[in-house]
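None of these values were measured; they are calculated from a predicted model. So that the names make sense, note that chain A is the first sequence line, chain B the second, and so on, each numbered from 1.
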Amino acid sequence: MRMAPSPSGPLHIGHSRMAILNDEYVKRYGGDLILRLEDTNPSNIDINAYDMIPEDLEWLNVNVTKKVIQSSRMDLYYKEAKNMISRGFMYVIEEDQKTFHDLKLKKIAVKCRDLDPEIHLERFEKLLEGKYEEGKAAAVMKTDLNHPNPSVRDWIAFRLNYKKHPLTGDKYILYPTMNFSVSVDDHYLGLTHVIRGIDHLVNTEKQKYVFKYNNWKIPEYFHYGFINIPGTVLKTTVMNNGIKSGEYSGWDDVRLGTIRALKKRGYKPETFRKYWIYSGMNKSNATFSWEIFNSINRELIDYNTMRYFFVPEPEKFNIKNNKELKSHALLHPQRPELGYREYNLNKNACIYFPGKEFEKLQDNEIIRLKDLCVVTKNNSSLNYLSEDTDKKIKIIQWVPENSNDIKIYYPDGSIDTGKLEPLAYNKNDVVQLERYGYVNLNKNEAYFLHK
RNA sequence: GCUCCGAUGGUGUAGCACGGCCAAGCAUUCCGGCCUUUCGAGCCGAUGACUCGGGUUCAAAUCCCGGUCGGAGCACCA
């Protein structure tokens, strides 16, 4: 099995599907999982991606057994190309891009298509030596000019690019297109099974020509459908531009759909795995379900997340108690052995209470400050009533006066501000803010995870 | 336009290769209830789907034909 991203940025949630599906097959049936970085287009490479991609995979617990970088295999591609030219399966055109394309649309062969292989070999050398301008010549795979899909007709196997390559510099100028390098690599790396998206359906058809001409064994292909991932930014160029312009704080900005952003928000690697295994390899397109994804994650983290109080839009109230109070809230309702969060409140203590909740209360309504006492609303104040009651009343969270301000960053770009109870401050952990949601605390700020 | 794919509740899937056990299972969301000093967890309940039309057959979600809708590809990107 293999996975073959181009090193143009870090992995995002869409890539994680390919990675995990491949990894899962290797786990079940054995074999190698090859990470192949496809960097044969110098115009589309981010040098940092060579490191970021393996990091992301490691975090996802994807077990890569072998790593290959295509730009270090150029000699192999050249060798195979010459071999195929000499046998008449590939040729070199001296037409420019548009001319060649127009001819193909009309199913017309270029004049030189069937010239002696020797001539094409000479031309190929000229390509390597840089005797042509970019876009004015290319090596072409001979297929079928009558193929109903114009892109399958005599597709381009090598093209010139004089741009400096981040890894190989100006050592090479002639680069194979994906369809050629993929075919050669899939064969020599011994691929038996290929899992990839349906966007490659036509590429598979193109690549099969290379296999057939060389009598190579064609791998088994599986194509899965597109996943539309709503509400998140995934396009590498958009992310990249946003980072450069300062709009995003980096590749791990919580508004992005990268693996590192999701990690920062507090998702578990296992969540990705469970989700993608559960989704299977349906060929039909689907919408990514954050609901299900979050539900999986919630189930994984709930047992190990401590509970704390957070008060959004805090309003300060003097609860006018005439005695000292002590709060005793469990760190985890199912795990009393973990202990309590306790705060001592003096007589006439002040607390913070959520502004929105206060507005919703009826006058004289009795409510419970969770794990503290019972109060009643009178006009614009909250007044102490008793320590406990048997009645079923609303239970609302609060925080003591010495609580700290905190900002909670949402993936949609919004920010919630409020007061976080002192015991949670400066923690670096995923916690559940009771009646609010799960967040990943990072000292004096937090990233919203999910409800 | 051409070529190729696909279509099961709000969402995601199971079932389709070998028609009957499917008056369609599971998960999630929403709604209702129980429990609980969280709107979390847990428990119970409810609503909700085979794209349409033909055909084959004793019998079709499953096979065949056609329509509709959706998607992908039509690059010297991957």
Pairs under 3.5 angstrom, nitrogen or oxygen only, protein versus nucleotides 44-49 of chain B, please.
none

message = So that I can tick it off, tell me whether Glu125(A) and Lys82(A) are bridged by a salt bridge, with the cut-off set at under 4.0 angstrom between side-chain N and carboxylate O.
response =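 So Lys82(A) pairs with Glu125(A) through a salt bridge.
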key: Summary of side chain to side chain donor-acceptor pair (under 3.5 Å) pairs that have at least one residue in residues 388-398 of chain A, sequence neighbours excluded   =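 Applying side chain to side chain donor-acceptor pair (under 3.5 Å) to every pair that reaches into residues 388-398 of chain A, excluding sequence neighbours, yields Arg368(A)-Asp388(A), Gln397(A)-Arg435(A).
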ask   = Restricting to pairs with a member in residues 266-280 of chain A, which pass side chain to side chain donor-acceptor pair (under 3.5 Å), not counting sequence neighbours?
value =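 Applying side chain to side chain donor-acceptor pair (under 3.5 Å) to every pair that reaches into residues 266-280 of chain A, excluding sequence neighbours, yields Ser16(A)-Trp276(A), Asp23(A)-Arg273(A), Glu24(A)-Arg273(A), Arg265(A)-Tyr267(A), Tyr267(A)-Asn294(A), Thr271(A)-Asn297(A).
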Listed by chain and number, what are the salt bridge (Lys or Arg N to Asp or Glu O under 4.0 Å) partners of [X], not counting sequence neighbours?
X	value
Lys370(A)	Glu434(A)
Lys106(A)	none
Lys111(A)	Glu95(A)
Lys323(A)	Glu387(A)

task = Could you tell me whether rA17(B) is syn or anti, where syn means a glycosidic angle within 90 degrees of zero?
result =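 Here the answer is syn: the torsion falls within 90° of 0.
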Go through [range] and report each residue with a non-hydrogen atom lying under 4.0 Å from RNA chain B, sorted by number.
range	result
residues 327-340 of chain A	Pro333(A), Gln334(A)
residues 291-310 of chain A	Glu291(A), Ile292(A), Ser295(A), Arg298(A), Asp302(A), Arg307(A)
residues 427-438 of chain A	Gln432(A), Glu434(A), Arg435(A), Tyr438(A)

message = Once you measure the plane-to-plane angle for Tyr447(A) and Tyr409(A), does it fall in the parallel (<30°), tilted (30-60°) or perpendicular (>60°) bin?
response =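 Because their plane-to-plane angle lies in the 30° to 60° range, the rings of Tyr447(A) and Tyr409(A) count as tilted.
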inquiry  = Walk along nucleotides 69-78 of chain B from 5' to 3' and tag each nucleotide B, S or - by protein heavy-atom contact under 4.0 Å, base first, then sugar-phosphate.
reply    = --SSSSSBSB
key: Phosphate-side-chain proximity, Thr287(A) and rG12(B), N/O vs OP1/OP2 below 4.0 Å   =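 For rG12(B), OP1 or OP2 has a side-chain N or O of Thr287(A) closer than 4.0 Å.
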key: Tyr209(A) six-ring face occupied by Lys212(A) cation (under 6.0 Å, within 45°)   =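 Yes, Lys212(A) sits over the ring of Tyr209(A).
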query = Has Arg159(A) got its NZ or CZ under 6.0 Å from the middle of the six-membered ring of Tyr175(A), at an angle within 45 degrees of the ring axis?
reply =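 No.
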task = Mind checking side chain to side chain donor-acceptor pair (under 3.5 Å) for Glu129(A) and listing every partner two or more places apart, or none if nothing turns up?
result =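 Side chain to side chain donor-acceptor pair (under 3.5 Å) check on Glu129(A) returns Lys131(A).
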